[in-house]
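What follows is a short report on a single structure.
Per chain, numbering begins at 1; letters A, B, ... match sequence-line order.
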There are 2 protein chains.
Amino acid sequence: MNKNIRIADVARAAGVSTATVSRTLSNPAVVGIETRARVMAAVEATGYRVNTAARDLRQRRARSILVLAPNLANTFFGRIIATIQEVAGSAGLSVQVSDSRAEAGRIEALGHDGRADGIILLDGSLAPEILARWRLPVIELCEWNTRATLPGLAIDNAAAARLAVDHLADLGHRRVLHIAGPEGNVLAVTRRDGFLTSAAQRGVAASIAAGDFTMASGARAARDWVSRPDRPSAVFAASDECAFGFIAECHRMGISVPDDVSVVGFDDVDFADHYIPALTTIHQPRVRLGRFAAQRLIAALTEHRPLAPGRELIDAHLVVRHSTAPLQG
Amino acid sequence: MNKNIRIADVARAAGVSTATVSRTLSNPAVVGIETRARVMAAVEATGYRVNTAARDLRQRRARSILVLAPNLANTFFGRIIATIQEVAGSAGLSVQVSDSRAEAGRIEALGHDGRADGIILLDGSLAPEILARWRLPVIELCEWNTRATLPGLAIDNAAAARLAVDHLADLGHRRVLHIAGPEGNVLAVTRRDGFLTSAAQRGVAASIAAGDFTMASGARAARDWVSRPDRPSAVFAASDECAFGFIAECHRMGISVPDDVSVVGFDDVDFADHYIPALTTIHQPRVRLGRFAAQRLIAALTEHRPLAPGRELIDAHLVVRHSTAPLQG
DNA sequence: AGGTGCGATGTAATCGATTACACGACGTCG
DNA sequence: CGACGTCGTGTAATCGATTACATCGCACCT
C-alpha cells in the first residue's frame with residue numbers, strides 16, 4: 001500500500017548492490033557465505049517481497065498456468081482443478097481458472113495476454129483456429145477437438161464403454177439403452193461409438209437416447225424409456241449425473257433400480273458411492289489425470305522446451321456397486 | 001515465442017510515438033480521430049497484444065483476484081468460484097485459485113507477492129495474524145474467523161438453523177438430532193448453537209452427534225443413531241453431504257427416510273433435488289454470495305478505495321422436498 | 001615477478017508499457 | 001495584436017527485478 005520495499009532498500013540495508021541481493025534470493029550458491037547472511041538479515045528486517053510483475057517482465061514469463069474448462073461449476077472438474085493447483089503450487093506456479101463458455105469472447109486473448117505460461121484445456125469444443133494462434137504450450141485434458149492436434153491426455157473412452165457393455169451383457173441383459181452426451185462433444189461421441197461397437201460384438205440390442213450429461217436429461221430419458229413397448233432392461237448413461245437423473249425419475253415413477261432396470265454411470269463422482277442405490281460406474285482417475293497433465297506441462301515449462309506432442313490414453317475401470325443386477329427371469 | 005511485438009513496433013508502423021499508441025488503446029477519447037484509426041490499423045496489422053507484466057509493473061496492480069478455499073475439490077465451492085470468475089472476467093480481471101489447506105505453508109506469501117489485487121477468502125480457519133499482515137483488500141465469504149474483523153459476507157446460519165428446527169417441530173417431531181460440522185469451524189458452531197437455541201425455544205429435545213460435513217461422517221452418525229434406545233425421529237445435518245451419508249446408511253440398514261426418520265440437510269447442492277428421496281434442505285444462494293462478494297471487491301479495486309468494513313448477512317431459505325414427513329403416530 | 005584463473009561483487013542495460021510534462025498549432029477574446 | 005486556453009502529440013522518466021559484463025582481489029603456478 002504505502003511502503004513499497006524494493007530490492008534497492010534491502011541492498012542499502014545490507015550494504016551491497018541490488019545484484020547481490022537478487023542473487024542471494026535466487027541463486028544463493030554464488031554469493032559469499034557471510035554476505036549471504038547479511039542480505040538475508042536485511043530481507044528479514046525490511047520485510048521485503050519480490051515484485052512479481054517486475055520479475056515476470058524481465059524474465060518474460062508469468063509463473064502461472066491457466067485451466068480452461070467449459071463449466072467451472074461442474075462437479076467433475078473440481079478435483080481435477082484441485083490436483084492441478086496442488087502440483088502447480090508446489091512448483092511455485094499459480095493457477096488461474098477461466099470458463100470457456102462464459103468467457104467465449106475473451107478466449108483468444110487468454111493465450112496472448114502473457115498472464116499464463118501454459119494452458120490446460122478441458123474443453124474440446126474450441127475452434128482449432130483459435131488454438132493454433134496461441135503461442136504457448138497447451139495440453140488438452142479429458143477431451144479434445146479431433147480437428148486439432150495438440151498434446152493431450154485422457155482416458156480410453158471407447159474401452160470404458162466396452163467395460164460397461166461387457167458388464168451388462170455378462171449379467172444377461174440383451175437390450176441396452178445408452179443415454180448419450182451432447183452431439184458434437186467428443187467424449188459423447190467416443191462413448192456412444194464405443195458402446196455401439198461393443199454392443200454389436202456382444203450381440204446386444206443397442207438403442208440411443210439423446211442427452212447432455214445433465215440430471216435433467218437423465219430424467220427426461222427415463223420418462224421416454226418408460227413408455228417404450230420394448231423397454232431395454234439396462235441403461236448405460238454417458239455421465240453419473242445423467243444416471244442419477246434417470247434413477248431419481250424411475251424412483252418417482254415407482255420403478256426400482258436395479259430390480260426393474262440396471263444402470264451404469266460414467267465418471268465415478270464422489271456421490272456415486274453414496275447414491276441410493278450406490279452407482280455402478282466407470283471410474284475416471286481424476287487425480288491421475290490432473291496430476292499427469294500438470295506435471296507434463298510444468299516439466300516442459302521449467303525445462304524450457306516445447307511439450308512433447310502426442311495424445312496419451314490411460315485406462316479407466318469399472319466399479320461395480322448396487323445399481324446393476326442380473327436380468328430378472 | 002519468437003516475435004515479440006512491442007508497443008514500439010506498432011508506433012513505428014503507425015508513424016506515431018509509443019505514448020500515442022498507449023493512449024489509443026487505453027483512453028481513445030484523447031487521441032485525434034484519424035490518428036486513432038491509423039493506430040488501430042497498425043495494431044491489427046502487427047497483431048499486437050499488450051504485455052501485462054509491463055503494464056502491471058507500471059500501474060502497480062495485477063488485474064487479478066485470488067480465491068482461497070479450504071478444499072477446491074468440494075462441490076460447494078464450484079459454483080461460487082464459477083460465479084466469481086464470471087463477474088471478474090467481465091470486469092477484465094483474471095481469477096486465480098488456491099487451496100488454503102494444500103498451500104498452508106505458502107498462504108502468507110499469496111497476499112504479498114503482488115500477483116493478486118484482492119482476495120476472496122472462503123476459509124474461516126486461517127490465523128488472524130497472517131490476515132492482518134496482508135496489505136491488500138480481503139473479503140471473507142461464507143465463513144470467517146471470529147477473532148478477525150475483515151469485511152465479510154455470509155448467510156445467517158443461526159436463522160437458517162431455526163428454519164430447520166421450526167420445520168421439524170411443525171411436523172410434530174419432539175426429538176431432533178443434529179449432526180454437527182467439525183469443532184472449531186465457525187459455520188459448524190453457528191449452526192449448532194442456532195440449532196440448540198431454537199430447539200430449546202420450541203421445546204424440542206436436542207442432541208448432537210459429531211461430524212465433519214462429509215458423507216462418511218453422516219454414515220457414521222447413522223450407525224450410532226440406530227443403536228440408541230431413544231432414537232430421535234428427525235435429523236438436521238450440518239451439510240447436504242452429511243445428510244446423504246446418513247440417508248444412504250439408513251437405506252443400507254433397511255430404515256426408510258422419511259417414513260422412519262426425517263432428514264434436513266444444509267446447502268442445497270445440485271444433487272439435493274435428485275437424491276432419493278429428494279432432500280429437504282437449507283438453500284444457500286451461492287450465486288448471490290459469489291456475485292456480491294466479487295462485485296464488492298471489484299468495486300473497491302476499480303474505484304481505488306478500501307473495502308467498506310462490516311459483515312453482511314443474507315437470508316437463506318428452506319426448500320421442502322421429500323426427506324421430511326410428519327411424525328408417525 | 002608476472003601471468004592465469006577463479007570467486008565475489010558492482011555497474012548498468014534491459015524487459016515493455018504508462019504517464020507527467022513539455023511543446024507546437026490553432027482558435028478565441030479583450 | 002498579444003495573451004491565453006485547448007487539443008493532439010512527443011520525450012523521457014518510471015515501475016522493480018534480473019543479468020551480461022566488467023572489475024577487483026587473491027591464490028597459485030612457472
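Across the protein-nucleic acid pair, A:His112 atom NE2 and C:dA17 atom P stand 15 Å apart, rounded to whole Å. One atom, CG of B:Asn51, and another, P of C:dT14, lie 17 Å apart when rounded to the nearest Å. Regarding A:Ile33, its CD1 atom lies at a distance of 16 Å from the C1' atom of C:dT9, rounded to whole Å. Summarising the geometry, the separation between CZ on B:Arg61 and P on C:dT19 is reported as 9 Å, rounded to the nearest angstrom. Here D:dC7 presents its P atom at 14 Å from CZ of B:Arg36, a figure rounded to the nearest Å. If you measure from atom CG of B:Asn4 to atom P of C:dC15, you get 10 Å, rounded to the nearest angstrom. As a whole-Å value, the separation of B:Asn27 CG from C:dT18 P is 11 Å. Rounding to whole angstrom units, CZ of residue A:Arg63 and C1' of D:dT18 are separated by 11 Å.
Each of A:Arg49 and B:Val16 has a nearest nucleotide on DNA chain D; the 5'-most of these lies closest to B:Val16. Looking at which nucleotide of DNA chain D each of B:Arg58 and B:Thr20 is closest to, the 5′-most match is held by B:Thr20. Taking the nucleotide of DNA chain C with the nearest heavy atom to each of B:Ala19 and B:Leu57, the more 5' of the two is matched to B:Leu57.
The A:Arg23 side chain lies nearest to C:dG10 when the options are C:dG10, C:dC15, D:dT11. Picking from D:dT11, D:dG8, C:dG10 the nucleotide with the shortest atom distance to the side chain of B:Thr35 gives D:dG8. Candidate nucleotides C:dT9, C:dT18, D:dT18 were compared by shortest atom distance to the side chain of B:Ser22, and C:dT18 ranks first.
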**Request:** Evaluate the salt bridge (charged side-chain N to carboxylate O under 4.0 Å, His left out) criterion for residues B:Asp113 and A:Arg63: first the C-alpha distance (whole Å), next the side-chain angles of each, then the deciding distance (0.1 Å), finally the verdict.
**Result:** CA-CA 12 Å; B:Asp113 64 4; A:Arg63 286 163 194 276; over 6 Å; no
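Between the side chains of B:Thr190 and B:Asn157, no donor-acceptor pair is found at a separation under 3.5 Å. In this model, a donor atom of one side chain and an acceptor atom of the other lie less than 3.5 Å apart for A:Ser98 and B:Gln85.
Taking only side-chain nitrogens and oxygens, B:Arg60 comes nearer than 4.0 Å to OP1 or OP2 of D:dG16. Between B:Arg55 and C:dT18, a side-chain N or O to OP1/OP2 separation shorter than 4.0 Å is present. The shortest distance between the side-chain N/O atoms of B:Gln59 and the OP1/OP2 oxygens of C:dT19 is below 4.0 Å. Checking the phosphate oxygens (OP1, OP2) of C:dA17, a side-chain nitrogen or oxygen of B:Tyr48 falls inside 4.0 Å.
Closest heavy-atom contact between A:Leu93 and A:Ser64: CD2-N, 4.1 Å.
The residue B:Val21 sits apart from the nucleic acid: no heavy atom pair falls under 4.0 Å.
Within the 3.5 Å criterion, the main-chain N or O of A:Leu153 finds no donor-acceptor partner in the side chain of A:Arg296.
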